[in-house]
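No hydrogens, no waters, no symmetry mates; every other heavy atom, side chains included, goes into these values.
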Amino acid sequence: MHVLRIGLTGGIGAGKSTVSSTFSELGGIVVDGDVIAREVVEPGTEGLSALVEAFGSEILLPDGALNRPALAAVAFSDDEKRKTLNGIVHPLVGKRREELIAAAPAGAVIVE
């Protein structure tokens, strides 16, 4: 399968979102790591379950969604906890990224 993969990088305020939106409007497939990172820890996902198991239910909002500031307070309190967080989320993001890319039709333009 032939696809064109384009890596999109840049600092804060560089216009990555604008470029991504333009590619999407033109039919490109945008594979955004930040979006995927949120997706893999939504309620009902394996990722959220693993985070709760590792860090406790205090990282949840009353509606069962991830309380990101609460997770950050716990997970970034030391290197081992940060490694635990990364060990849970990064593989799930990588797996989902590859699923999205594999599902792209021949001739697609993929922006990462």
Side-chain angles (χ1 to χ4, degrees):
M1 172 176 75
H2 291 91
V3 297
L4 175 61
R5 289 175 71 170
I6 300 171
L8 179 60
T9 65
I12 295 172
K16 297 180 301 292
S17 295
T18 301
V19 172
S20 291
S21 293
T22 301
F23 271 109
S24 182
E25 289 167 10
L26 296 172
I29 298 170
V30 177
V31 180
D32 185 329
D34 291 338
V35 172
I36 296 170
R38 293 187 186 289
E39 177 186 315
V40 301
V41 295
E42 289 177 350
T45 62
E46 165 190 356
L48 186 57
S49 294
L51 290 177
V52 170
E53 184 175 321
F55 298 108
S57 61
E58 64 271 6
I59 65 165
L60 296 176
L61 294 167
D63 67 359
L66 180 62
N67 181 335
R68 292 179 182 285
L71 174 61
V74 174
F76 296 120
S77 65
D78 70 51
D79 284 344
E80 284 305 310
K81 289 178 181 176
R82 183 183 45 75
K83 287 178 187 175
T84 298
L85 171 64
N86 290 339
I88 292 168
V89 176
H90 288 185
L92 294 170
V93 170
K95 178 182 173 189
R96 182 65 180 140
R97 176 186 304 273
E98 291 308 314
E99 289 171 354
L100 292 169
I101 292 168
V109 175
I110 300 171
V111 180
E112 299 181 78

Considering only distance and modelled atom types, tabulate donor-acceptor pairs under 3.5 Å from the side chains of residues 46-75, sequence neighbours left out.
| unit_1 | atom_1 | unit_2 | atom_2 | d |
| --- | --- | --- | --- | --- |
| S49 | OG | T45 | O | 3.3 |
| D63 | OD1 | A65 | N | 2.9 |
| N67 | OD1 | A70 | N | 3.1 |

Mind listing the side-chain donor-acceptor pairs of residues 102-111 below 3.5 Å, one per line with the distance, residues two or more places apart or on another chain?
none

Please tabulate, one pair per line, all N/O donor-acceptor pairs under 3.5 Å involving side-chain atoms of residues 6-14, not counting sequence neighbours.
none

query = Is I101 linked to V30 within one hydrophobic cluster, defined over Ile, Leu, Val, Met, Phe, Trp and Tyr using a side-chain heavy-atom separation of less than 4.5 Å?
reply =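 Hydrophobic grouping puts I101 apart from V30.
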ask   = How many angstroms lie between atom CZ of R97 and atom CG of L92, to the nearest 0.5 angstrom?
value =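 The CZ atom of R97 sits 13.0 Å away from the CG atom of L92.
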Of all pairs that satisfy salt bridge (charged side-chain N to carboxylate O under 4.0 Å, His left out), the ones with a partner from residues 9-33, not counting sequence neighbours =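 Every pair satisfying salt bridge (charged side-chain N to carboxylate O under 4.0 Å, His left out) with a residue in residues 9-33: there are none.
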key: Any donor-acceptor N/O pair, S21 side chain to S17 backbone, under 3.5 Å   =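 Yes; at least one donor-acceptor contact below 3.5 Å.
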What pairs of donor and acceptor atoms, side-chain ones from residues 33-42 against any protein atom, are under 3.5 angstrom apart with sequence neighbours left out?
| unit_1 | atom_1 | unit_2 | atom_2 | d |
| --- | --- | --- | --- | --- |
| E39 | OE2 | R96 | NE | 2.6 |

ask   = Heavy atoms, side chains only, cut-off 4.5 Å: are R82 and L85 in contact?
value =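 The answer is no, as the side chains (C-beta and beyond) never meet within the 4.5 Å cut-off.
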query = Can you name the residues that form a salt bridge (Lys or Arg N to Asp or Glu O under 4.0 Å) with K83, not counting sequence neighbours?
reply =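 Applying salt bridge (Lys or Arg N to Asp or Glu O under 4.0 Å) to K83 gives E80.
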